[in-house]
Every structure is written in C-alpha cells, then in structure tokens.
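In what follows, chains are A, B, ... by sequence order, proteins preceding strands, each numbered from 1. All figures in this text were calculated on a predicted structure; none of them were measured in a lab.
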Protein chains: 2
Amino acid sequence: MTEELPITTSEWEVMRIIWTLGEATSTEVIQLLVKKRDWKASTVKTLIGRLMQKQMLTAKKEGHSNIYQCTISERVAMQREATRLFQNMCAMKNGEVLAQLVSEIQLSKTDIEKLQAVLADKIKDAPDEVACNCLPKEETRE
Amino acid sequence: MTEELPITTSEWEVMRIIWTLGEATSTEVIQLLVKKRDWKASTVKTLIGRLMQKQMLTAKKEGHSNIYQCTISERVAMQREATRLFQNMCAMKNGEVLAQLVSEIQLSKTDIEKLQAVLADKIKDAPDEVACNCLPKEETRE
DNA sequence: AATTTACGTTTACAAATGTAATCTAATAAA
DNA sequence: TTTATTAGATTACATTTGTAAACGTAAATT
C-alpha cells in the first residue's frame, strides 16, 4: 500500500536535492535551499519533517544527526505528477498541449528517439479523434 | 499584464464546464458538478465566486442571473499548467517521463502526426544529453 | 399581493501550505 | 568543564483550499 500523499511545491524542492545526492543530511539540504530559494533554515527543517510524516523520506541516525533518503524514485514521482495533471485536463486537447510542450522543453537526441519509437508504435491503432471529457455523461448543448 | 493566479483543482472543474459550453449560468454548472462531483450547490457557487475574483471568469447580467464566460482559453490554461509542471521537475528526466506519458494517454492520429513533426524538426539540433538541474550551481557531490 | 424559489453574496470553518521562531538536547569549542 | 553551536522537535501563524450554510433580494408561483 504505497502512500499517495501529494508532495507540495516546496517539499518538491527538498526531494529534488535528496534524489540527486542520493542521500543527504539536513545541513546539506539547508545550505542548498538557502542559496536557491532564500529560505530560512527552519523552513527547510519543517519541510523535511513533513516529508518524513508523509513517508517520502526515511532517516538513518548517524551520531546525533540524520541522513535522509527518499522512499520513492524521482522518475516515479515525476511520472505520477505528469499523469495526474493530464488526467485532470481535457482529453481532447491533450495532444496539442503535449506537442507544444515537447517543442518547448529540452530533450536529448536519445529522448527524442525514444519518443519517436513510442509514437510510431502508437499510431498504428490510434483513433481518428479523442472525445472531450470535460462534461459528465453525454450532456450536450442543445 | 495577465494575472497569474493559479487555478486550483476544484476550480478547474468549473472552468472545464464553462470552457466546453462556451458560456454557462451558475445553474448549469451546478447541475453538472452536483452530478459529477457530488458537491453541494453552495460549493459550486463559492468556486464561481473565487474564479471571478481571480478574473478567470467574467459575467454578463441576464435579468437577475449571470452568464459566465472564461477569460482565458482552455488551451492556454492547459499549456501553462503543463509547462509549469515540467519546469519544476528534473530537466534530465523530462524526456523519459514524457515518453511514458505519451504512451499512456489517448492521442488521435492527427495528434501523433503533429508530435512526430515537432520531433523530426527538434532532433536536428538536439543535444546529446540534458543536464540535471536539481541542484543550484555546479555543486557536485565530492 | 403573498409566498416560495432561485441566484448571487457573505460568512464559516477545518485542513493544507508556506514560512518561520523557539525550545531542547547533544556535540564541539574554548 | 563551561560555553557556544548544531540538529531535530515543537509551536506559530497567515494564507489558500475544500467544502458548505446562511442571508438578502429579485423573480416566479399561487
């Protein structure tokens, strides 16, 4: 039973650091975020505390202090956010939005090739159009 | 100076209905959301009120009641959300996440072709890899 | 005309979030 | 060993969000 508590925007900053470092002490996280976000040390401590409660982080004691690790991979967390977002938006417009997004963000050659492969496969049984799912039922404007 | 107030998840439900209908009375929105989300009429009214404050909706008087319209297009709103999301996540992993996303969501043939065109163009000057931007500066783990 | 209903506005209230100060116990420095 | 510093835990507090009831006035019904 994986917990589904959402990670907030601020908490996300903390997670990114620990994901990237693999593990980290509060001091390390604080240093980086004080620089990046201009937060007070307390703020970062609070966020770490909340992430512990949400079980997004675990800590192993190292003398007096803790070393924190993430309980979920960055990939999985990102995937969840992205999927959740698109599921809450109009299915009919997802394609266009995605196209625009793809054109905006940085992608490596490898990323692009992977995307091309996925698309080449997907186009085989793609529908001619995707219906809008913004209204419940088949309520239509009369 | 377009206002940048974020639309919350609940408010988003209201917007989707009005976007789809083009314009709508509170009664219409209430009917649909009571059905879809099981909210009380009051709740929907509150959300409409907040969206008015955030200037995401405008109203034209029609007798006693109002007819609401969105001040921003669904496409643009979706685009913003999607862009904002990806900008807050690891640039290095965006590609993989996107690939997974593309494989999961519904896309029409046309959508796919559009994506393919974007990618074909983009691959020309794509970098070999995209750097992780989760840490500020060039702090590296020593 | 009297009454009920509908619609917009105001008020309510708990939980989540952003941001932080303070307290306490342990460790390091003097 | 006394003192200063650190690190985690507790408390704080304003704003936003989710969810809704109550209120006042215009409109529709009786």
Check your understanding: Taking the nucleotide of DNA chain C with the closest heavy atom to each, which residue, A:Gly63 or A:Lys40, is nearer the 5' end?
Key ->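 Whichever sits nearer the 5' end wins; that is A:Lys40.
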Practice item. Report the residue (A:Thr43 or A:His64) whose heavy-atom-nearest nucleotide on DNA chain C is the more 5′ of the two. Key: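 In this pair, the answer is A:Thr43.
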Point to revise | A:Asn66 side chain vs A:Glu62 backbone, donor-acceptor pair below 3.5 Å | key: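 Flag not set: sc A:Asn66 to bb A:Glu62 has no pair under 3.5 Å.
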Exercise for review: Would you kindly check whether a donor in the side chain of B:Arg37 faces an acceptor in the base of D:dG18, or vice versa, at under 3.5 angstrom?
Suggested key: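 Check fails, no donor-acceptor contact within cut-off.
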Practice item. Determine whether any donor atom in the side chain of A:Arg50 lies under 3.5 Å from an acceptor atom in the base of D:dT10, or the reverse, and answer yes or no. Key: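 By the distance-only test, no, there is no pair.
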Considering just the side-chain nitrogens and oxygens of [X], establish if one lies under 4.0 Å of OP1 or OP2 belonging to [N].
| X | N | result |
| --- | --- | --- |
| A:Thr8 | C:dA16 | no |
| A:Lys54 | C:dT17 | yes |
| A:Thr27 | D:dA7 | yes |
| B:Ser10 | D:dT19 | yes |
| A:Thr9 | C:dT17 | no |
| B:Thr46 | D:dA20 | no |

Euclidean distance, atom [atom1] of residue [X] to atom [atom2] of [N] [Å, nearest integer]:
| X | N | atom1 | atom2 | answer |
| --- | --- | --- | --- | --- |
| A:Glu13 | C:dT19 | CD | C1' | 14 Å |
| B:Trp39 | D:dA21 | CH2 | P | 15 Å |
| A:Gln53 | D:dT11 | CD | P | 13 Å |
| B:Ile30 | D:dA20 | CD1 | C1' | 12 Å |
| A:Glu11 | C:dT19 | CD | P | 12 Å |

Exercise for review: Would you indicate which nucleotide in C:dT17, C:dA20, D:dA7 comes nearest to any side-chain atom of A:Ser42?
Suggested key: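 It is C:dA20.
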**Study point:** B:Ser65 side chain, from C-beta outward: closest of D:dG8, D:dA20, C:dC7
**Key:**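 Taking heavy atoms from C-beta onward, the closest nucleotide is C:dC7.
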Exercise for review: Measure across B:Gln79 and A:Leu101 and return the closest heavy-atom pair with its distance rounded to 0.1 Å.
Suggested key: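 Shortest heavy-atom separation between B:Gln79 and A:Leu101 comes out as NE2-N, 3.6 Å.
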Review point. So, for A:Thr83 and B:Glu104, which heavy atoms are closest and what is the spacing to 0.1 Å?
Key: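 Nearest heavy atoms, A:Thr83 then B:Glu104: OG1-OE1, 3.0 Å.
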Point to revise | Heavy-atom side-chain contact between A:Gln100 and A:Ser103 under 4.5 Å | key: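 They are in contact (side-chain heavy atoms under 4.5 Å apart), so the answer is yes.
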Review point. Is there a donor-acceptor contact under 3.5 Å linking the side chains of B:Asn133 and A:Arg16?
Key: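 A:Arg16 and B:Asn133 do have a side-chain donor-acceptor pair below 3.5 Å.
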